[in-house]
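Report on the structure given below.
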There are 4 protein chains.
Amino acid sequence: MFFRIDPSDDLAIYDQVVRQVKFAVAGEVVRVGELVPSVRELARELTINPNTVARAYRQLQADGVLEPIRGTGLAVAAGAHEQCRTERVTLIRARLRQVLFEARQSRLDSGQLRSLIESELAHVEREEV
Amino acid sequence: MFFRIDPSDDLAIYDQVVRQVKFAVAGEVVRVGELVPSVRELARELTINPNTVARAYRQLQADGVLEPIRGTGLAVAAGAHEQCRTERVTLIRARLRQVLFEARQSRLDSGQLRSLIESELAHVEREEV
Amino acid sequence: MFFRIDPSDDLAIYDQVVRQVKFAVAGEVVRVGELVPSVRELARELTINPNTVARAYRQLQADGVLEPIRGTGLAVAAGAHEQCRTERVTLIRARLRQVLFEARQSRLDSGQLRSLIESELAHVEREEV
Amino acid sequence: MFFRIDPSDDLAIYDQVVRQVKFAVAGEVVRVGELVPSVRELARELTINPNTVARAYRQLQADGVLEPIRGTGLAVAAGAHEQCRTERVTLIRARLRQVLFEARQSRLDSGQLRSLIESELAHVEREEV
DNA sequence: GTGGTCTAGACCACC
DNA sequence: GTGGTCTAGACCACG
C-alpha cells in the first residue's frame, strides 16, 4: 500500500482511508479477491489507531467493497472493481467542482486558473514517472 | 454576498465561511474598508447559527482580513486584498493537488482526467455568464 | 425509553440498541421528527459506553432511520416509521424461523411446540397489561 | 447429520454446532453410545474450519453431552438424551421469549403476531414432510 | 448542551 | 495471526 494520511486534512482520517482504498481498488492496485492489509498492519504503517482503520474497513464493508473472510482477513469483494471505478469519477468530479467553484468565486482569472492547473498537472505527471 | 454553504460538506461550516470571505476579498467583491454583513444578517442569509458566523469572523480577524470598527462593525482590513489574493492561490493549489493526487492514486487515465477537467471548466464557465 | 440491554445476549450491544430503536420507531413510541435520547443520556440510562450508543446511532443514520440536527441531536427521519414497520416484520420473522427450525431439528413434538408458544404468548400478554 | 450452518448468523459458528448437536441428541437423531462424525469429517461436510468443530466438541464434552472413546472418537454420553431434551426446551423457550419481547416492544398487533406465527409454523411443517 | 472523531487498551471469536 | 466489540477518556465543531 502507498497510502498517505494527512491528519491536518479537513477530511476525517477514517474517511481518507476509505477513499484511498476505493481508489486502490479502482486502479487495481489491489485486485478482487485479494486481501487488504490487516487492521493492525495498516494502523502501524500509517501510525494511526487500529480502531480508526477498523472503522474505515467497516465502512468499506457496508459499501460492498470489502468482504470478511473469517479468521483470515478482508478481501476485495466481487464487483468492487467496477463499482469503485464508477465511484472514483464521482468523487473526483465533486472535488474538482469545489476547486473550480472557489476559483470562480475568488474571481481568479480564467487564464491564471488554466495555467495553475497545467502546472499542477505537470507536477503530478513528473512524479508519476 | 453570494456565499454557498453546504452543510453536508466535510468542511466545517465556519471554515466554509472563512474561505468564502477570503475569496470575496481576493476577488474584490468586497473592497478594503468596506463593512462585511453583520453576524446576525449573514447568519440569517445563510440560515446558519450566528455563533458559527461569529466564529468565522473571529478567525478572519485573527488572520488579519477583517478589523473591528468600534460601534460600527467589521471592515475589510488594509492590505487584506493582497494577502487574500496570495492566499487564494495557495488554497486553490492545495485543493488542486489533492484532486490530482487522488486521480493519480486511482490510476485515472491522463486523457480521462483532462477531459473531466475540461468538462467541469466548461460547466463552471457556462454558469459564469 | 424503555430499552433492555442484555450483555450476555449473542447480539452485540450496539445491535441491540439499533433493533430496539427501530422497534420503537415502528411502534411509534418515538414519532417522526422527534429527538431520540442523546448519546450520553442513553448511555447513562443503559449503563453502557457512550461510544457504543454512538455507534448504534451512526448505524441508524446509515439505515435512514435517524437524521442529525446539527448541535441539537438526532431526530427520527421522515419515512422512518413506514420503513421500520416493514423491517420489523422481517426481523421478527427471521428470529421466528430460527426458533421453529431448532424446534423441528430437535424433533420437538408439534403439540408441545404449540403449547410452549401459547404459554409464552400468554406470559407476554400478561405483562402487557 | 443434517446441520445447517449460517456464517452470516450473529451466532458464532461453533455455537451453532453445539446447539445443533444437542438438538440432534434430544431428537434421538443420534442415540446414546453412538459416535458422532469425526472433527475432520464434520468440518468437511459443513465446510467450516476443523478448529471450529473441535471447539464445539470440546464444549459438548464439557457439557457432558459427548464423551471420548479412546482411539475411536466421540460418543453420545449416557444420560445425554434426557439432559438435551430438557435443555432443548430451555433454549427454545429463551429464543421464543426474545421474539415475543421484540414483537411486543415494537407494538406488533397481537393478531398480526399470531398470523405471522401460524404462517411460519405452516412453512416449517410443509418442509417437514 | 449536542454529535463526531480519535486514541489507548482490553477481551472475544475464529482460523 | 485475523476482525469485532467494548470501555474510557480527550478534543473538536456546532447551537
Side-chain angles (χ1 to χ4, degrees), chain A residues 5 7 9-17 35-43 46-61 66-75, chain B residues 5 7 9-18 43 47-56 59, chain C residues 5 7-17 35-43 46-61 66-75, chain D residues 5 7 9-17 43 47-56 59:
Chain A
I5 258 54
D9 192 346
D10 306 303
L11 212 56
I13 293 178
Y14 83 92
D15 218 344
Q16 295 183 43
V17 174
L35 294 177
V36 291
S38 81
V39 169
R40 292 162 175 85
E41 188 187 337
L42 188 54
L46 304 177
T47 56
I48 58 178
N49 191 285
N51 277 324
T52 305
V53 177
R55 171 153 184 202
Y57 278 2
R58 209 184 305 135
Q59 178 70 45
L60 286 160
Q61 284 180 68
L66 298 183
E67 61 185 4
I69 303 190
R70 293 181 70 141
T72 303
L74 295 168
Chain B
I5 259 51
D9 191 347
D10 303 303
L11 205 56
I13 291 177
Y14 87 95
D15 216 348
Q16 295 184 42
V17 174
V18 167
T47 58
I48 60 179
N49 193 290
N51 282 324
T52 306
V53 177
R55 161 126 200 223
Q59 177 70 44
Chain C
I5 259 52
S8 72
D9 192 346
D10 305 304
L11 213 55
I13 293 176
Y14 82 92
D15 220 343
Q16 295 182 44
V17 174
L35 294 177
V36 291
S38 81
V39 169
R40 292 162 174 84
E41 187 188 338
L42 187 54
L46 303 176
T47 56
I48 60 179
N49 192 285
N51 278 324
T52 305
V53 177
R55 172 152 184 203
Y57 278 2
R58 208 183 306 136
Q59 177 70 45
L60 286 161
Q61 284 180 69
L66 299 183
E67 61 185 6
I69 304 190
R70 293 181 72 143
T72 304
L74 295 168
Chain D
I5 259 53
D9 191 348
D10 303 303
L11 205 56
I13 292 177
Y14 87 95
D15 215 349
Q16 295 183 44
V17 175
T47 58
I48 59 178
N49 192 289
N51 282 323
T52 307
V53 178
R55 160 121 201 228
Q59 177 71 44

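Side chains are part of it too, since the values below use all heavy atoms of this structure and drop only hydrogens, waters and symmetry mates.
- Atom CD1 in A/Ile69 sits about 12 Å away from atom C1' in F/dG3, given to the nearest Å.
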Distances under 3.5 Å between nitrogen or oxygen atoms of protein and nucleotides 10-13 of chain F:
residue	atom	partner	partner atom	Å
F/dA13	OP2	B/Arg55	NH2	3.3

>> Output the pairing pattern of DNA chain F as a dot-bracket string, 5' first, Watson-Crick or G-U wobble with both distances under 3.5 Å, | for cross-strand pairs, [ ] for crossing pairs.
In response: ||||||||||||||.
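- A/Asp10 is linked by a side-chain hydrogen bond (donor to acceptor under 3.5 Å, both in side chains) to nothing, counting only residues two or more places apart in sequence or in another chain.
- Going from atom CG of A/Asn49 over to atom C1' of F/dC6 covers 13 Å, rounded to whole Å.
- When the P atom of E/dG3 is taken as reference, atom CD of C/Gln59 falls 17 Å away, rounded to whole Å.
- The phosphate of E/dG3 has neither OP1 nor OP2 within less than 4.0 Å of any side-chain N or O from C/Gln61.
- The backbone N or O of A/Leu11 lies less than 3.5 Å from a partner atom in the side chain of A/Gln16, making a donor-acceptor pair.
- Listed nucleotides F/dT7, E/dG3, F/dG3 differ in distance to C/Ser38; the shortest reach to its side chain belongs to E/dG3.
- Mapping C/Val39 and A/Leu11 onto DNA chain E via the closest heavy atom, the residue that lands nearer the 5' end is C/Val39.
- Across D/Val17 and D/Ala56, no two heavy atoms sit closer than the pair CG1-CB, 3.6 Å.
- Regarding A/Leu46, its CG atom lies at a distance of 12 Å from the P atom of E/dC6, rounded to whole Å.
- If you measure from atom CD of C/Gln16 to atom C1' of F/dC6, you get 13 Å, rounded to the nearest angstrom.
- A/Leu35 is listed as a side-chain neighbour of A/Thr72, based on a closest heavy-atom distance under 4.5 Å.
- In this structure, A/Pro37 and A/Leu42 approach most closely via the heavy-atom pair CB-CB, 4.2 Å.
- Remark on DNA chain F: of its neighbouring residues A/Leu74 and C/Asp15, the 5'-side contact belongs to A/Leu74, judged by nearest-heavy-atom nucleotide.
- Here the CG-CD1 distance, from C/Leu46 to C/Ile5, works out to 5.0 Å after rounding to the nearest 0.5 Å.
- In this structure, CD of A/Glu67 is placed 17 Å from C1' of F/dG4, rounded to the nearest angstrom.
- Listed pair C/Thr72 / E/dG1 fails the phosphate criterion, with no side-chain N or O lying under 4.0 Å from OP1 or OP2.
- E/dT2 atom P lies 12 Å from atom CG of C/Leu42, rounded to whole Å.
- The shortest side-chain heavy-atom distance between D/Asn49 and A/Arg70 does not fall under the 4.5 Å cut-off.
- In this structure, A/Tyr57 and A/Ser38 have side chains that are not in contact, with every pair of non-hydrogen atoms separated by 4.5 Å or more.
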